[in-house]
Amino acid sequence: MALHVFNTRTKQKEPFVPADPKVVRIYTCGLTVYSHMHIGHARTYCFWDVFRRWLEYRGYHVISVINYTDIDDRIISDAANGGTGMLDHAERIIASFRQDCRALNIKDYATYTRATDFVAEQIDAVQALLDKGHAYVSDGEVLYDVRSFERYGELSGRTIEALQEGASGRTADAERERKRFFADFTLWKPSKPGEPSWETGKPEWPSGRPGWHIECSVMSTTTLGAHFDVHGGGIDNLFPHHENEVAQAEPLCGHPWVGYWMHPAHLQLLDESNDPVKMSKSLGNVISIPELVKNHSADQIRWFFGVTHYRSSLAFNWQLLAESSKGFEKIKRAVGILERRLEQASDAELNIPVQGTYASLRSGDQAIPRERESFVHGAFGEASARFIERFIAGMDDDMGTSKATAALFDYVGELFVGGIEASDDVPSLLAAYRCLTRHLWVLGAELPNPRLYPELAVECTRSADAGGGDEAERVAALGGVIDKLLEARQDARKAKDFAKSDLIRDLLQAAGVAVEDTPKGARWQLG
RNA sequence: GGCGCGGUGGCCAAGUGGUAAGGCGGAGCUCUGCAAAAGCUCUAUUCGCCGGUUCGAAUCCGGCCCGUGCCUCCA
């Protein structure tokens, strides 16, 4: 079975077939840069990252674009209140967004677009919609004529009538006067004094700024072409934002404008009594990324996200994150054990390149991953083959990361039963290590040891500044001292001086170093 | 009011017609100087409730109860 994804446009799972058999073009609605990225955004962007990684694992080249909405009412008012210019304000938010993404191990996008860099194209698009009769000018403002687009409401499953009912009594009189129809939305509006403004050269709407919806339609088609494969954003964007984007773009680009619409669900914060609560600045309960990664690794966070399917809303509190991290420890321990075993091997023994090619992306039964043959060798090969099959089946079914995590648990169990803790069989251990880290990579976790898996290590964008570096440094600095202490402890144990050996272990424990005895001697890690 | 989504063991969570994955927590055991880790066994005759279709339903249909999202700020 090939990859299937749930397409919001058709409301069903469909085989994923990009326009170009080897390339997937994705546009993601990004942040409105009036405030910093928070845990809710993290869930969404981590999903896009996993989706991208899964496509890459399957052999596609992915071109992903994300935008910053750097002009809208809130940015203008926030910037005004903060006493800075709008663009300075946006600049700071963008810089912290990039940093937060790196902290979460989210791969860089091919392009990051800013609405203010595409104003000329937006003006052209507005004019084109006017020319085609889909828009009208009202007192210097350009509005989209919703009733001129017969498919309006199709994407989000609404009808004009239903919208009208929902809106009854909610539209202000002033708004009714400006608009021909209550649901008409702004394409271009005059700026107030002191607000950012662009000249259009159009007599009827000479200056002002673009509306939110036109920004995205224009940025996506300008960077990815008139038709592209995936357009996504949080479920809250479905209406009105994406509905309006379709209404704008299809008259200009044709139908269907994009192949697949995908909408990850929200993360829902739970309060002390486990009731859902809205995250908001005024309640002071917004969880920032620095706060999130302070006591949890990116791996743990991404594992937590992966356990729940992306189209289910995800409840969050620190307790739930802690419980999921507890489960992830077993996976991490297996990786650690393999790494320790292999660290002792010589370069010559480890010199087993990972190889493979994709049969053909055009055939439905492509051999994936391309490294498969390198993974299924040796003592753990059968377990690895079973695991890969389950992992792929799970992910192919509309990004079933829950099934993928279950497969990982079972695989790791088989590796323990298979004896990774005592094995000296370097080729087998290496194949298992690579198989495990390769698939953890898909979920956004685990930077592999470059010495053990150089091919994958170079693919990882995470650098030493992303949180892993600190621990690596600590380990390097402490290693020598700890090894000396453990030697002393081992001597004490041999002499049956358990009081002394336990004292050493307790001291290390107190210093944050967990010690475990194994058939191959003591092992330690920072706890 | 309109349009959706969801209710699976103490908790999290898969499963969309063939007889309940996986994880956390809990109980017992093996191994071990003791820990830790790992392994083994047990922990839902049952999937919000009531009807219906079917040889067979957590899965399909109808009704009801509860929760939740959106209805022009929102990932």
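Just so it is clear: chains get the letters A, B, ... in the order the sequence lines come, proteins before strands, and each one is counted from 1.
Within the structure, a side-chain polar atom (N or O) of A:K403 is placed less than 4.0 Å from OP1 or OP2 of B:G15. Taking side-chain N and O atoms only, A:K330 has a distance below 4.0 Å to OP1 or OP2 of B:G39. Residue A:K278 has a polar side-chain atom (N or O) positioned under 4.0 Å from OP1 or OP2 of B:C70. Side-chain N/O atoms of A:S402 include one lying less than 4.0 angstrom from OP1 or OP2 on B:A14.
If you check B:A20 for Watson-Crick or wobble pairing at under 3.5 angstrom, you find it has no partner at all. Remark: B:G62 base-pairs with B:C50. Criterion, Watson-Crick or G-U wobble with two distances under 3.5 Å.
Between A:F6 and A:D398 the shortest heavy-atom distance is N-OD1, 3.0 Å. A:N67 and A:C29 get closest at one heavy-atom pair: OD1-CA, 3.3 Å.
Taking the six-membered ring for Trp, A:F387 and A:H439 have ring centres closer than 6.0 Å.
A:R489 and A:D497 are not joined by a salt bridge, as no carboxylate oxygen comes within less than 4.0 angstrom of a charged side-chain nitrogen.
Centre separation under 5.5 Å together with a plane angle under 30° does not hold for the ring of A:H266 and the six-membered base ring of B:G69, so they are not marked as stacked.
In this structure, the nucleotide among B:G25, B:G69, B:A75 sitting nearest to the side chain of A:H41 is B:A75. Distances from the side chain of A:S312 to the nucleotides B:G22, B:A14, B:A75 place B:A14 closest. With B:G22, B:A14, B:C34 as the choices, the nucleotide that has an atom nearest any side-chain atom of A:F409 turns out to be B:G22.
For the C1' atoms, the distance from B:U46 to B:A37 is 34 Å, rounded to whole Å.
If you measure from atom CG of A:N237 to atom P of B:G69, you get 17 Å, rounded to the nearest angstrom.
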